[in-house]
Structure formats: structure tokens, C-alpha cells
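A quick write-up on the structure given underneath.
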Amino acid sequence: MPFPFFLSMENRNETWGSRTGLILAMAGNAVGLGNFLRFPVQAIQNGGGTFIIPYLVCFVVLGIPLLFTEWSIGRFGGKSGNHSTPYILEAMGKSSWWKYIGVFGIFTNIAVVAYYTYIESWTLIYVFHTLFGTFTDMSQLAVSNYFEQYVNLSGSDFGIHLFPFWIYVLVLGINGYILSTGLGGIEKVAKIGMPLLILFGIILAIKGWTMGAENASALFPDANAWEGLNFLWTPQFSSLWDPKVWLAAAGQIFFTLSVGMGSIQCYASYLKSNEDIALNSLASGFTNEFVEIVLGSAIVIPIAAGFLGMDWVLNNAGFGMAFQTMPYLFQQWGAVFGIIAGVCWFGLLFFAGITSSLAMGTPWMGFMNDEFGWGKVKCAFSFAVLALLMGAPTILFYQYGYFEEYDYWAGTVSLVIFALLEMILFAWVFGMNKGWVELNSGADIRIPLFFKWVMCYLTPVLLLLVLIGALVTPAGNDWLTAFSGLWNGEGWKMDAHSLVSKIFHGDLIHTMEEEGKSDAWLSDRVFFSNMARIQLLALFALITGIVWYSGLKRKSHTHE
Amino acid sequence: MSNSALFLAVVVQLAVVGMTVFCFYKVLKLPK
């Protein structure tokens, strides 16, 4: 189909400046906060060393196939001048209905970037707090409370009301500015940010591996970083039979590689038609794994264990540790190294965040430029405004779970759904034989034929299992009891956090009962949860509408 | 740290580092 010739050619010939820039940008897309915060926590909660085995298996049979698929789909769509998933998928699937599946590839990015950039803004402000010595001489409780009052908007940093909100706007502005300079700007950030991230990570990882018991204290006399490392890496083979561990591993591989979002396809659409996919995708995938397994595992858990002991870590390990605990621990290393460690930590988190958030901006920009001829500045500005509109409630209503609601539906569920659909498209609709040819075209390495079989049969089945696992998670993640319940007449007891239960706010009711919360608490949480869902649906409807309108435009041009 | 933990940590991390280095080596070695 010929391009509507009068549309701006500004982005159409845009391509990556260098191969290293492309790989670092793709790696940056994948490397994010999850590498440092989610992976170690998942490992701890799923048997420590045994987690690594299902994790690596899932990397091979889920991660790499999805990377191959998304890069291939992207480059294929780019050949016909399409730079975001609606028309990329339509090009591959032939039926015009595929463009509505492609809506996910824009929706998820905007919905996630809305709250993701808020976390990014925390990392940025914490770099400055570290440099200004805000946490010097603060007790652990004070450091933790500082974070609480920050996200509850009850503090007044520098006397500025709603200071966290303005820093968020600043970070959106930074993202918007870089996006307005096109792929070149994204590449530059990746070429500076990724090496710095790796350097900072190596500095902290060396500390994690070498600190041992030197930071044990009277309060925590048994604290030893080696215990953290030991727990993380000791294989416990019994958990290999637990479906919960395999599901957790699959989930982690998903999030860590940023598949199912639509940003990889977008980046890949700027490849030249004969540019390699096989080696490039593996290089970026392994860079992500290097950051996750080698660096991510060596920082939070060992350092926390080295100060607070393994018991504390097992009871408290979670996302909040990054901001509520680490700053306190760093300053125990003295004035100079404490600041270096803090700047390294929040600096690497910021680079991890921004390289991911920039990627999330490109599908919207690609689409609006392709279909409506919008220039880069207009695209970037509109993206930032959309992100702000979506994100503002997650900041203002943080304590009501608005943030978590987005993260669940957009940042968890929609990824798996979209990945399953695109896998079916690539392997079954487009056809695995054609797909294999497409993938290997221009390849700089030979991909083992084993992957052809995996992508066709194994990966879609695994994705389906992950989705079913999330839909009907058994109570307490006890799969054995749930299955036997099907036979002995007790039925399948669903967990409060299963998708089906969550739709009806079963998780909130469960929390209310477990933690003795009031009815007022529940009605507040239910209200804001419903508001967040309405907002997400509105965004999905908006993008669907824009895609539908673009379809009309395309049809009318074809008739001219 | 137990021997099995150290063994697993070293083997897995060396493998990941090795694959990453291998990929970048191939990329940088190629003429294009």
C-alpha cells in the first residue's frame, strides 16, 4: 500500500545511528528497576538458588523466543513504513482486525510510563538528597518515614507544596525533550547511561560480595552479606516441582525483558530490512541478564543482609527497600563512600528507568507520525501530556492503591495477553516457516533450529499457562491442594490475588480481613480502584478510536 | 557460603558474562 505521500517524511527514513547504539538502546529498554528490585525479591520468595534454574529455562524457552518474535515483527512492519504495533500487526496478519490487537502495544506503554516515570522521579531526587546529605545521621526509621511522607505528599521539600508532583513533571519534561530529538537522542542517552549504570552496578556489586560481616552491629550481630548470597544461590531442588516457582520465573523473565509491551517492535521497526535480528536481539537480551543476574543479585540482598541479617531480609524484602532502607545502610559506610554508594545506587536506578521510559514513548510517536504526519515535537509533547493525565492520579491518590491498580492491569495482565496474541500471529497466522525465514534474514549468527519448534509450540503454550496461572491462582499458591480439590469434590479454591478474584476486589476484602482494616478503608480503596480501571479503559478506548480513525483515513486515501 | 551455592553462582554468572561478551565480540568484529 503506498504511503499517503503528503504526510511528513520526517521520521520515515529515521534509522539507528550505530549498531552498538541500537543494542544499548534495546538493552536499556529491557534493563529497568525490576533488574535490581524485582529479581532478587522473586528469587528470595521462590527458593533462592533453585529459582535460578527455572528462571534460566524460561529465559531460553520464553524470553529468547519472544525477543526473536518481537524484533522480527518490528522489522517486518518497518519495511512497509509502520512504526507501531497496530499497523505492524495488520501488515503481518493481513486482516484489518489485527490493528486493534495492536492497540495494546501503544496502550500498555502510555499506561505504564504514567506511573513508571513517577518512580524515576524518586530516583532522581534521591540522587540529589544523597549529594546534599539529607540522610546523614538519620535513623533507619527516619529514612523510612522520609519516603512515606514523600509519597503521601505530606512533606514540603524546599518549602514547595506538592514537590513530588513537580519533580514528576520535570522528569516527564526530560523524557519529552529527549524524545523530541528522535532516535539520535535515545541512542545518546543509552550510550552514556548504560555504561554508567554498569559501572555503578559493578562498584556496588563488589561491595556486596566483599563486605561479609564487617557491618554487623550490636542490634544485628549475626548480619553477614555472605548469608544473603548463600540464600540467593543455594539450590533447593524440592521447589523445582512447585508450579508457583515456575510461574514466578516465567513472570520475571517477562518483566525483565520488557516483552509484551510493544516498544521492542517499535525500536525494531527502525532497522533496515536486511539488518541482523538474531545477534542483536541476543546481545541486548544477554546484556539484560548480565545486569540482572550478575549485578542485581549482588546488591540489595547481600548489602541488606550484611547490615540487618537474613531474618530481617526475609521478612522485609520488597520494592520499598530501595528507598526506605538502602539510604540508611549506605551512610553507615561513612561520609565519603556513603555518598558514592548512594549516588551509584540511585544513579543506576535513574538510568535504568529513563532508558525504559524513553522506549515507552516511541510507539505513540511512531504511530502519530506514520498516520497523521505529526512532527517529533508535537508527538513528544502530546505523549508527555497523556502520560501526565494518566499519571497524576497515581501520585495524588498513591495511598489509595491507584498506582498498584495500573501496575497490575497495564504492567502485568496486558503484557501476557498481548504476548500470547502476537506469538499466535507470528507462529500460526503468519506461519512459523515464513517467520523463521524472516527471523534469519540478514542474521549474523545461525539460530539453532530447536528454536523454530520452541517458538511454534512451546512458547505459546507456556504463555497460555502463565495467563491461566494468573487468572485462577489457587489459594496460597498451593497448586497441589487445588488440583486435588477438583477430584475430591472440594473444588478449586482461588486465591484472593487471582485475576478473577481481583476483578471483584477480592484481594482488597482479603486484606481488610487479614489486617483488620475498617469498612471506610475498603470503600475508599474500592472507589479508587474502580476509578483507575475506568481511566485505563478510557485510555484503551481513546487509542482504539484513534486507530479506527486512522483506518478510515487510510481507506479514503486508497480510493483517491 | 556453601560450596554448592558458590559453584552455582560462579557457573551461572560466568556463563552469562561469557554469552554477553561473545555477542558483543561478534558484533564489534563484523565489518558492517
Side-chain angles (χ1 to χ4, degrees), chain A residues 18-24 27 48-53 55-56 59-60 64 198 202 205 209 212 224-237 272 274-276 278-298 302 305 442-446, chain B:
Chain A
S18 69
R19 191 164 188 174
T20 326
L22 159 72
I23 293 171
L24 288 177
T50 329
F51 184 71
I52 271 290
I53 297 162
Y55 176 87
L56 291 171
F59 177 65
V60 174
I64 292 179
I198 290 172
I202 288 173
W209 274 94
N224 191 335
W226 285 109
E227 259 200 69
L229 289 163
N230 199 38
F231 191 93
L232 262 174
W233 289 102
T234 301
Q236 288 152 41
F237 293 105
K272 300 197 213 21
N274 61 349
E275 239 173 306
D276 160 84
L279 180 58
N280 285 341
S281 62
L282 283 178
S284 63
F286 274 108
T287 305
N288 181 74
E289 294 313 306
F290 168 75
V291 174
E292 178 136 309
I293 297 173
V294 178
L295 301 180
S297 70
D444 285 328
I445 52 164
R446 270 250 308 268
Chain B
M1 200 168 163
S2 72
N3 287 338
S4 54
L6 198 57
F7 177 75
L8 189 64
V10 168
V11 164
V12 169
Q13 292 184 75
L14 270 178
V16 171
V17 170
M19 283 305 297
T20 313
V21 167
F22 168 75
C23 288
F24 276 98
Y25 168 73
K26 286 220 83 160
V27 164
L28 294 167
K29 204 179 75 151
L30 285 163
K32 346 183 206 174

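If you're wondering where the values come from, they're calculated on a predicted model, not measured in any experiment. Proteins get letters first, then strands, A, B, ... in listed order; numbering begins at 1 in each.
Scanning both residues, B:Val27 and A:Arg19, for their nearest heavy atoms gives CG1-CD, 3.7 Å. Smallest separation of non-hydrogen atoms from B:Ala5 and A:Pro235: N-CD, 4.4 Å.
Atom SG of residue B:Cys23 and atom CD1 of residue A:Ile445 lie 6.5 Å apart, to the nearest 0.5 angstrom. Put simply, CE on B:Met19 and CZ on A:Phe290 are 14.5 Å apart, with the number rounded to the nearest 0.5 Å. Interatomic distance, B:Phe24 CZ to A:Leu282 CG, rounded to the nearest 0.5 Å: 11.0 Å.
Within the structure, side chain to side chain donor-acceptor pair (under 3.5 Å) contacts touching residues 16-29 of chain B (residues at least two apart or in different chains) do not occur.
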Distance-only criterion, 3.5 Å: show the donor-acceptor pairs between side-chain atoms of residues 225-233 of chain A and protein atoms not counting sequence neighbours.
from: A:Asn230; atom 1: OD1; to: A:Thr234; atom 2: OG1; distance (Å): 3.2
from: A:Asn230; atom 1: OD1; to: B:Ser2; atom 2: N; distance (Å): 2.9
from: A:Asn230; atom 1: OD1; to: B:Ser2; atom 2: OG; distance (Å): 3.2

